[in-house]
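What follows is a set of notes on a single structure, which appears directly below.
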Protein chains: 2
Amino acid sequence: MNKPDSVHPTLCDQAHVTRTTSAGWMLQRLACMNETRMQSRLKAHGLKMDHFIVLMALTEKEGASQTEIGEGLRLAGYTVSRVLDALEKQGLVKRKQDEQSRRTHRVFLTDEGRGLMPSIFGIVGEQNKELLDKLSLEDQGEFLRLLTLLTKVTGPGTN
Amino acid sequence: MNKPDSVHPTLCDQAHVTRTTSAGWMLQRLACMNETRMQSRLKAHGLKMDHFIVLMALTEKEGASQTEIGEGLRLAGYTVSRVLDALEKQGLVKRKQDEQSRRTHRVFLTDEGRGLMPSIFGIVGEQNKELLDKLSLEDQGEFLRLLTLLTKVTGPGTN
DNA sequence: TATTGTTATACTCTATAACTATA
DNA sequence: TATAGTTATAGAGTATAACAATA
């Protein structure tokens, strides 16, 4: 009422352009769909996202302490505790006392956990294939290259 | 113990390769960092992510019904209800009865809500700038192009 | 009977911090 | 006193479905 009509369309256009050309917006959309899809894949193995990433971390670095796991994955200590409780109950990992210090636990995959990993890798492969499906092979490589650049230099801790 | 040592390194290597070359893994990492950053930007305006995307949707399509908002943003009906409660309490939007049907509400920005949008656009701009900062200008365009391809064809509903 | 929107409820996640046992 | 890990608890977010009012 107290503004000329011409003001409104501009705001609307700005919103449209912002949504349709914003890297962040598209990134979140894509990641959200990707996560939902991955969750349903993991569900078939009785795993949640947190379980999956902890298993991956342990496969890469067996005998990691809980603190190390948390730091690498940016998970809170209490989250690591609970995820390991669940994984231990499923017989996929086991905690052992560190030989040096009796307050740190070193975590290992069980044989069963190790036996599970190949199918987990399979899932990741399917997931990535599906994610990149819409792109030409060349563009797929390009997307990977850019993602690598964008995620590499990130934190102060090189990692 | 009951497996030869040579088996283990292979699994470990596979995990490492999987993590460092997986588009999905990097995508989730990047999106998570991006979301955290955006949340803290929005916090300065007393907004949460849901509030922000609903405001964007309304700016683009004032007078949308709650169902339409929910469909466009993939938010559950009860979420839309509650977000609108909050935004209405902040004086940023208002619900009006539809003229045709007395059970659908049409939602509009208030003048105050409209006044807020320019700074919201500003935030989005900063956010995207920061997100793409590590890439050359050319690569930034390339990343946008690929994201557009990846998010466009998605669902059965064209949208 | 189906739709729009609201509300109650339960469940999961996350965050804070208190706590135990070490060092 | 600081660290590793656990646990209790509160708060936020999400999901289910019951509900009121329309159509």
Side-chain angles (χ1 to χ4, degrees), chain A residues 28-29 31-33 35-40 42-43 46-54 57-58 61-90 93-108 157, chain B residues 28 31-33 35-40 42-43 46-54 57-58 61 63-90 93-108 157:
Chain A
Q28 293 309 130
R29 264 296 180 98
C32 181
M33 292 187 303
E35 185 172 13
T36 303
R37 194 78 188 78
M38 187 63 180
Q39 281 167 341
S40 89
L42 290 171
K43 205 169 189 174
L47 294 175
K48 311 207 161 173
M49 206 52 128
D50 283 349
H51 300 187
F52 159 67
I53 63 177
V54 167
L58 282 174
K61 187 179 177 180
E62 280 214 56
S65 74
Q66 299 190 196
T67 302
E68 288 166 345
I69 294 169
E71 281 168 355
L73 299 173
R74 273 139 247 221
L75 293 178
Y78 57 84
T79 303
V80 177
S81 269
R82 284 167 186 166
V83 169
L84 291 178
D85 287 348
L87 291 175
E88 212 164 24
K89 195 178 293 180
Q90 291 177 83
V93 311
K94 61 192 168 228
R95 290 183 245 226
K96 294 183 184 172
Q97 288 287 351
D98 184 279
E99 290 168 5
Q100 254 75 129
S101 162
R102 291 203 303 160
R103 73 183 168 188
T104 103
H105 299 163
R106 301 262 152 217
V107 189
F108 298 84
Chain B
Q28 293 308 132
C32 182
M33 293 187 303
E35 185 173 12
T36 302
R37 194 77 188 79
M38 187 62 181
Q39 280 168 342
S40 89
L42 290 171
K43 205 169 189 174
L47 294 176
K48 311 209 161 172
M49 207 52 129
D50 283 350
H51 300 187
F52 158 67
I53 62 177
V54 167
L58 282 175
K61 187 179 177 180
S65 74
Q66 299 190 197
T67 301
E68 287 166 346
I69 294 169
E71 282 169 354
L73 299 173
R74 273 138 244 224
L75 293 178
Y78 58 85
T79 304
V80 176
S81 268
R82 284 166 187 168
V83 169
L84 291 179
D85 286 348
L87 292 175
E88 213 165 22
K89 196 177 294 179
Q90 290 176 85
V93 310
K94 61 190 169 234
R95 291 183 243 225
K96 293 183 186 174
Q97 288 288 351
D98 184 279
E99 289 168 5
Q100 253 78 123
S101 161
R102 290 204 303 160
R103 74 183 167 190
T104 103
H105 299 163
R106 302 263 152 217
V107 189
F108 299 85

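Convention: sequence-line order gives letters A, B, ...; per-chain numbering from 1. What's counted below: heavy atoms across the whole structure, side chains too, no hydrogens, waters or symmetry copies.
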Taking only nitrogen or oxygen atoms into account, show me every contact under 3.5 Å that the protein makes with nucleotides 17-22 of chain C, one pair per line with its distance.
residue	atom	partner	partner atom	Å
dT22(C)	O2	Arg103(A)	NH1	2.6

(request) Kindly compute the distance separating NZ (Lys43(B)) from CD (Gln39(B)), expressed to the nearest 0.5 Å. (result) 8.5 Å
(request) Specify the separation, in whole Å, of atom CD of Glu88(B) and atom P of dG5(C). (result) 13 Å
(request) Looking only at non-hydrogen atoms, find the nearest pair between Ala64(A) and Ile69(A) and report the distance. (result) CB-CG1, 3.9 Å
(message) Rounded to whole Å, how long is the line connecting atom CD of Glu68(B) with atom P of dT3(C)?
(response) 15 Å
(request) Report yes if the side chains of Ile53(A) and Leu75(A) come closer than 4.5 Å at any heavy-atom pair, otherwise no. (result) yes
(request) Look at the side-chain N and O atoms of Ser81(B) and state whether any lies under 4.0 Å from the OP1 or OP2 oxygen of dG5(C). (result) no
(message) With nearest nucleotide decided by heavy atoms, which residue, Ser65(A) or Arg82(B), maps closer to the 5′ end of DNA chain D?
(response) Ser65(A)
(message) Could you tell me the boundaries of the chain A footprint on DNA chain D, defined by atoms under 4.0 Å from its heavy atoms?
(response) dA2(D) to dT9(D)
(message) In this structure, how many angstroms lie between the P atom of dT6(C) and the NZ atom of Lys89(B), rounded?
(response) 14 Å
(request) Using side-chain contact (heavy atoms from CB on, under 4.5 Å) as the criterion, list what pairs up with Arg95(A), not counting sequence neighbours. (result) Gln66(A), Leu84(A), Asp85(A), Glu88(A), His105(A), Val107(A)
(request) Would you kindly give the CG-to-P distance between Leu75(A) and dT14(C), to the nearest whole Å? (result) 9 Å
(request) Mind calculating the distance between NZ (Lys48(A)) and C1' (dC13(C)) to the nearest angstrom? (result) 9 Å
(message) Using whole Å, what does the distance between atom P of nucleotide dT14(C) and atom CD of Gln39(B) come to?
(response) 12 Å
(message) Let me confirm one number: the CD-CE distance from Glu35(A) to Met38(A), rounded to the nearest 0.5 Å.
(response) 10.0 Å
(request) Name the residue closer to the 5' end of DNA chain C, choosing between His105(B) and Ala76(A) according to the nucleotide with the nearest heavy atom. (result) His105(B)
(request) Round to a whole Å and report the spacing from CD1 of Ile69(B) to P of dT4(C). (result) 13 Å
